[in-house]
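Residue numbers count from 1 along this sequence.
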Amino acid sequence: MSSLVLGFQEMDNTLLSLVGGKGLNLGELSKMAGIQVPEGFCVTTVGYQKAIEHNETFQSLLDRLTLLKAADRDQISEISKQIRQIIIEVEIPSEVVKAVTHYLIQFGDEYAYAVRSSATAEDLPHASFAGQQDTYLNIIGLEAILQHISKCWASLFTDRAVIYRIQNGFDHRHVYLSVIVQKMVFPQASGILFTADPITSNRKLLSIDASFGLGEALVSGLVSADCYKVQDGEIVDKRIATKKIAIYVRKEGGTETQQIDPAQQQTQTLTEQQILQLARIGRQIEAYFGRPQDIEWCLVDDVFYIVQSRPITTLFPIPEANDQKNHVYVSVGHQQMMTDPMKPLGLSFYMLITPAPMRKAGGRLFVDVTHMLASPVSRETFINTLGKSDPLTKDAFLTLIEREYIKSLPDDRKEPSPDNSSKGKSSAVFQTQIDNDPAIVSDLIKNSQISIEDLKQNIQTKSGAALFDFILEDLQELKKNLFDPQSTKVFMSAMNASSWINEKMYEWLGEKNAADTLSQSVPNNITSEMGLALLDVADVIRPYPQIIDYLQHVKDDNFLDELVKFDGGQETQVAINAYLGKYGMRCAGEIDISRTRWSEKPITLVPMILSNIKNFEPNAGKRKFEQGRQEALEKEQEILDRLKQLPDGEQKAEETKRVISLIRNFIGYREYPKYGMINRYFIYKQALLKEAEQLVQASVIHEKEDIYYLTFDELHKVVRTNKLDYQIISKRKDDYKVFEKLTPPRVITSDGEIIAGKYDRENIPAEAIVGLPVSTGVIEGRARVILIMEDAVLEDGDILVTAFTDPGWTSLFVSIKGLVTEVGGLMTHGAVIAREFGLPAVVGVENATKIIKDGQRIRVNGTDGYIEILS
């Protein structure tokens with residue numbers, strides 16, 4: 001067996017570095033019983049390396065290319081062009097020519113061949129890189145094949161391949177190219193087979209695209225293809241395309257485009273029998289590789305040939321289940337406004353504190369809501385409750401119920417449905433289970449603070465295995481605080497009061513979302529206070545130009561130590577440290593305990609402080625709060641005055657005043673339980689990082705942050721035994737990089753099908769982008785599309801457009817005039833704070849950060865829930 005050229009039958013799955021992903025897969029396919037693969041061989045990466053390893057100009061250009069970023073398009077294009085020219089002109093090593101000649105004689109040098117690229121970073125389980133390198137069809141003769149081998153090598157440095165590698169973190173120096181030389185087949189039809197539906201991700205629904213002639217026309221988008229869907233051995237859908245052209249081979253080599261006879265253009269490409277036969281082949285290949293596949297096929301004289309199979313890398317993983325029944329899962333990240341992946345330690349901590357049936361997938365958490373949807377009683381309440389805050393999830397549930405995807409349990413209703421005949425009447429007095437006493441909130445906050453101070457004291461004496469036992473015990477205290485019935489009654493009363501106000505004011509006065517204005521500048525909202533407090537920090541720094549100049553140039557987190565060298569430095573240091581003392585445990589994505597906190601990286605706050613200095617006058621925090629409070633009070637008086645003019649007006653006004661008081665007293669507390677949770681998280685984290693230092697010193701792990709890739713129980717065991725297979729950490733780091741590229745669904749089934757809900761609203765402008773209105777008002781301004789909080793550079797009056805916001809983003813809210821997010825609901829963080837600050841906001845806007853471009857002028861209608869692009 002030569003290391004320069006390998007026949008398909010000579011390969012095994014250890015040879016990725018020699019034959020690349022595409023070549024390796026063909027080698028595996030050729031050994032499968034019943035699968036027809038055209039004969040061929042691979043010129044291994046050794047040949048490529050031999051050709052370029054001593055070329056100094058190539059190495060020099062590669063050095064320059066390695067320093068570039070994806071945005072450096074012009075430089076990438078120029079350097080890549082020079083590299084391609086070098087590779088095409090370089091002489092193919094004589095031993096490579098000899099080996100290729102040997103195999104061509106063995107297979108038959110009179111045949112035509114397909115010459116395909118196979119990179120070592122291509123067709124992998126986590127990165128397909130499909131179509132990044134070149135393929136040449138119907139190549140005849142040794143000289144032509146050798147010429148096209150050089151062209152394939154050169155295609156490793158097309159602009160698109162280079163940029164794709166940069167974006168996916170692959171080093172150009174460590175990606176090599178093998179070339180597949182495979183006997184041509186001359187198909188009547190060809191196409192692509194997905195063993196999981198590429199649109200819905202349903203693993204049980206197989207999708208076939210088919211057209212006449214060679215598959216290149218279909219892959220390159222030149223023709224429309226028939227599409228057939230197969231599920232459980234039955235054809236469930238067919239769409240027959242009008243196929244006007246096809247690509248066929250020429251006798252003298254190469255390919256040509258031909259017009260299809262008009263009488264044949266709408267003919268079904270494959271027969272019913274052929275469709276089902278191909279589906280069976282697809283399932284066989286999928287079972288062999290152990291995951292859904294994207295398969296290229298050709299039909300020759302009623303025989304299917306497989307010319308490629310690669311893993312489908314875009315599918316979101318299915319949450320694990322313990323049985324084969326149908327399940328429905330709801331994303332936790334969409335409810336918590338944090339759809340990024342979490343590291344294993346973060347996932348395990350979250351699972352330790354929630355009573356819900358949690359499942360993991362793609363570095364995210366999902367709740368199995370199957371039982372809730374199966375019960376006729378719980379289903380209605382559950383869907384309506386969730387639907388108020390997230391209509392897209394509600395619509396997805398209704399779709400599944402209509403399909404009868406989940407089998408209903410017997411109706412276990414014991415009581416008749418409550419009489420709703422009084423709904424809408426002024427006599428329907430708002431009910432609450434709690435006294436309208438602000439002292440309740442003060443007591444809850446005080447108890448939480450005492451509990452956290454006790455934790456800080458007690459945890460200092462714990463280490464080793466005893467620390468983990470202590471944390472497990474304290475997690476019970478955290479759960480007690482999170483799920484305290486009194487605490488829940490407080491914010492549920494406020495939420496219900498908001499719903500009542502919105503419903504009644506619309507019914508009585510024709511006014512939408514009245515509760516939004518009434519919720520502005522309420523007391524005890526720890527998250528909005530955090531944003532305003534950073535304005536106060538800016539006030540301390542503003543009088544000192546030297547400090548401002550220094551902060552504009554700081555690069556690392558030691559900047560606080562250097563402040564004392566400047567006039568005003570002592571005051572600045574005290575102000576920032578005081579802020580970190582109260583809010584430093586927060587950060588973007590804070591529900592993941594492994595995320596870097598502001599106290600760990602205080603430089604994160606610097607751009608926001610500088611923005612506040614630039615965009616605001618002194619005392620802006622107090623003025624903003626007072627302005628919001630006055631607007632709320634004026635709104636209350638206006639509503640009460642209007643109500644008094646109605647029949648039964650005095651009674652309606654009196655009832656409304658009481659409900660508004662509930663909102664003002666209690667809605668601010670909505671953010672506090674999470675603040676308490678994040679406080680405890682940071683205390684746990686600091687203690688665990690001390691244990692991590694011991695593990696680094698003992699050479700059990702390489703760096704402290706390695707512990708984030710272990711679950712709580714796994715870390716407990718490692719601390720107890722001082723033993724760890726480090727490959728676990730390495731694999732999970734690789735997995736996390738893959739998870740970062742995935743977009744989690746709101747709702748996914750155990751078949752892997754993503755159910756995308758729809759908004760059902762009328763009277764929306766035709767070109768508008770629709771979402772969920774969560775904070776009333778209409779605002780126009782410049783869209784700032786920001787995905788990473790640290791990258792935010794905002795001007796006063798900008799509208800923030802982002803994937804999600806959690807409390808870590810709140811400090812930006814003081815600088816913006818409106819908010820658009822891709823995820824979120826009526827009571828998620830961004831919505832609550834937007835209402836608090838009086839910012840028009842629309843959330844749950846699918847693909848907002850892709851549709852809306854940074855710098856565009858947009859209009860956000862937070863009353864009716866849509867966005868218009870104005871320029």
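- We find that D557 and K601 are not joined by a salt bridge, their nearest charged nitrogen and carboxylate oxygen being 4.0 Å or further apart.
- For the pair K456 and E453, the salt-bridge criterion is met [side-chain N within less than 4.0 Å of a carboxylate O].
- The nearest pair of heavy atoms linking N13 to L24 is CA-CD1, 3.7 Å.
- Scanning for salt bridge (Lys or Arg N to Asp or Glu O under 4.0 Å) contacts around D197 gives K229, with sequence neighbours left out.
- The neighbour count for E53 CD, taken as heavy atoms of other residues, nucleotides or ligands under 6.0 Å away, is above 12.
- Residues Y350 and M358 approach most closely at CE2-CE, 3.8 Å, considering heavy atoms.
- Side-chain contact, D484 with S487: no donor N or O sits under 3.5 Å from an acceptor N or O.
- Between E693 and K690 no salt bridge is recorded (no basic side-chain N to carboxylate O distance below 4.0 Å).
- Between the side chain of T200 and the backbone N or O of I754 there is no donor-acceptor pair closer than 3.5 Å.
- Not a single donor-acceptor pair under 3.5 Å links the side chain of S118 to the backbone N or O of S178.
- Taking the six-membered ring where tryptophan is involved, the planes of Y579 and Y583 are tilted, since the angle between them lies from 30° to 60°.
- Inter-residue side-chain proximity for E822 and F804 is flagged as unmet; no heavy-atom pair is nearer than 4.5 Å.
- Side-chain contact between Q449 and I452: absent, with no pair of heavy atoms (C-beta onward) separated by less than 4.5 Å.
- Distance check, rounded to the nearest 0.5 Å: CD of Q49 to CG of L18 gives 8.5 Å.
- Taking the ring centre of F157 as origin, the terminal cationic atom of R165 falls inside the region bounded by 6.0 Å and 45° from the ring axis.
- M585 has its side chain out of reach of Y681: every pair of non-hydrogen atoms, C-beta onward, lies at least 4.5 Å apart.
- Taking all atoms of both residues into account, the shortest heavy-atom contact from Y736 to P341 is OH-O, 3.4 Å.
- Within a 6.0 Å sphere centred on NZ of K737, other residues, nucleotides and ligands contribute 12 heavy atoms or fewer.
- Between E590 and M338 there is no side-chain heavy-atom pair separated by less than 4.5 Å.
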Please report, to 0.1 Å, the donor-acceptor pairs under 3.5 Å made by any side chain of residues 474-483, with sequence neighbours excluded.
unit_1	atom_1	unit_2	atom_2	d
D474	OD1	R680	NH2	3.0
D474	OD2	R680	NE	2.9
D474	OD2	R680	NH2	3.2
D474	OD2	Y684	OH	2.5
E477	OE2	S451	OG	3.3

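- Under a 3.5 Å cut-off, the side chain of S348 and the backbone N or O of F712 do form a donor-acceptor pair.
- Between the side chain of T195 and the backbone N or O of G282 there is no donor-acceptor pair closer than 3.5 Å.
- Interatomic distance, D561 CG to Q573 CD, rounded to the nearest 0.5 Å: 7.0 Å.
- Salt bridge present: E703 and K733 bring a charged side-chain N and a carboxylate O closer than 4.0 Å.
- Separation of atoms CG (L467) and CD (E691) is listed at 5.5 Å; rounding is to 0.5 Å.
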Could you walk me through whether I786 and W809 pass the side-chain contact (heavy atoms from CB on, under 4.5 Å) check?
CA-CA 11 Å; I786 297 167; W809 289 71; 4.1 Å; yes
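- Rounded to the nearest 0.5 Å, atoms OG (S594) and NZ (K685) are 6.5 Å apart.
- Taking the six-membered ring for Trp and the full ring otherwise, F366 and F316 have centroids separated by under 6.0 Å.
- Counting heavy atoms from C-beta outward, L560 and N577 have side chains that approach closer than 4.5 Å.
- The distance from atom CZ of R291 to atom OG1 of T313, rounded to the nearest 0.5 Å, is 8.0 Å.
- Looking at D72, its side chain does come within 3.5 Å of a backbone N or O of K69 through a donor-acceptor pair.
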Test side-chain contact (heavy atoms from CB on, under 4.5 Å) on I678 and F682; report intermediate values, then the result.
CA-CA 6 Å; I678 300 305; F682 189 45; 5.8 Å; no
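- Side-chain contact between L347 and T711 is absent, with no heavy-atom pair separated by less than 4.5 Å.
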Verdict with reasoning, D806 to K674, per salt bridge (Lys or Arg N to Asp or Glu O under 4.0 Å)
CA-CA 11 Å; D806 64 359; K674 189 175 184 183; 5.2 Å; no
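- At a threshold of 4.0 Å, the pair D713-K717 does not count as salt-bridged, since none of the basic side-chain nitrogens sits closer than that to a carboxylate oxygen.
- Of all non-hydrogen atoms in P745 and I748, the two that sit nearest each other are CG-CB, 3.8 Å.
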Given the rule in the side-chain contact (heavy atoms from CB on, under 4.5 Å) test, do I526 and I445 qualify, once you have shown the distances and angles that lead to the verdict?
CA-CA 10 Å; I526 190 70; I445 291 173; over 6 Å; no
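- A salt bridge links R595 and D340; the closest N-O separation between the charged side-chain nitrogens and carboxylate oxygens is under 4.0 Å.
- Side-chain contact between M11 and L26 is absent, with no heavy-atom pair separated by less than 4.5 Å.
- Using modelled atom types, no side-chain atom of D751 and backbone atom of E753 make a donor-acceptor pair closer than 3.5 Å.
- Evaluation of the side-chain contact (heavy atoms from CB on, under 4.5 Å) rule for E562 yields Y550, K565 as partners, not counting sequence neighbours.
- Side chain of N25 to main chain of S309: a donor-acceptor pair is present (N/O by atom type, distance under 3.5 Å, no hydrogens or angles).
- Judged purely by atom type and a 3.5 angstrom limit, D390 has no side-chain atom pairing as donor or acceptor with the backbone of L386.
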Check step by step if side-chain hydrogen bond (donor to acceptor under 3.5 Å, both in side chains) holds for Y726 and D706.
CA-CA 9 Å; Y726 197 78; D706 285 344; 2.6 Å; yes
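- With contacts defined as side-chain heavy-atom distances shorter than 4.5 Å, the pair F559/P602 qualifies.
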Would V330 and Q335 satisfy side-chain contact (heavy atoms from CB on, under 4.5 Å), going step by step from the backbone distance to the final call?
CA-CA 9 Å; V330 175; Q335 308 306 314; 4.1 Å; yes
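- From I318, atom CD1 reaches atom CZ of R359 across 14.0 Å, with rounding to the nearest 0.5 Å.
- Remark: the backbone N or O of V823 is paired with a side-chain donor or acceptor of T821 at under 3.5 angstrom.
- The shortest heavy-atom contact between Q59 and I52 is NE2-O, 3.5 Å.
- Each of K723, R732, R720 was checked for a salt bridge (Lys or Arg N to Asp or Glu O under 4.0 Å) with E714, and the lone residue meeting it is R732.
- Taking both residues in full, the closest heavy atoms of R283 and K204 are given as NH2-O, 3.3 Å, listed atom of the first, atom of the second, then distance.
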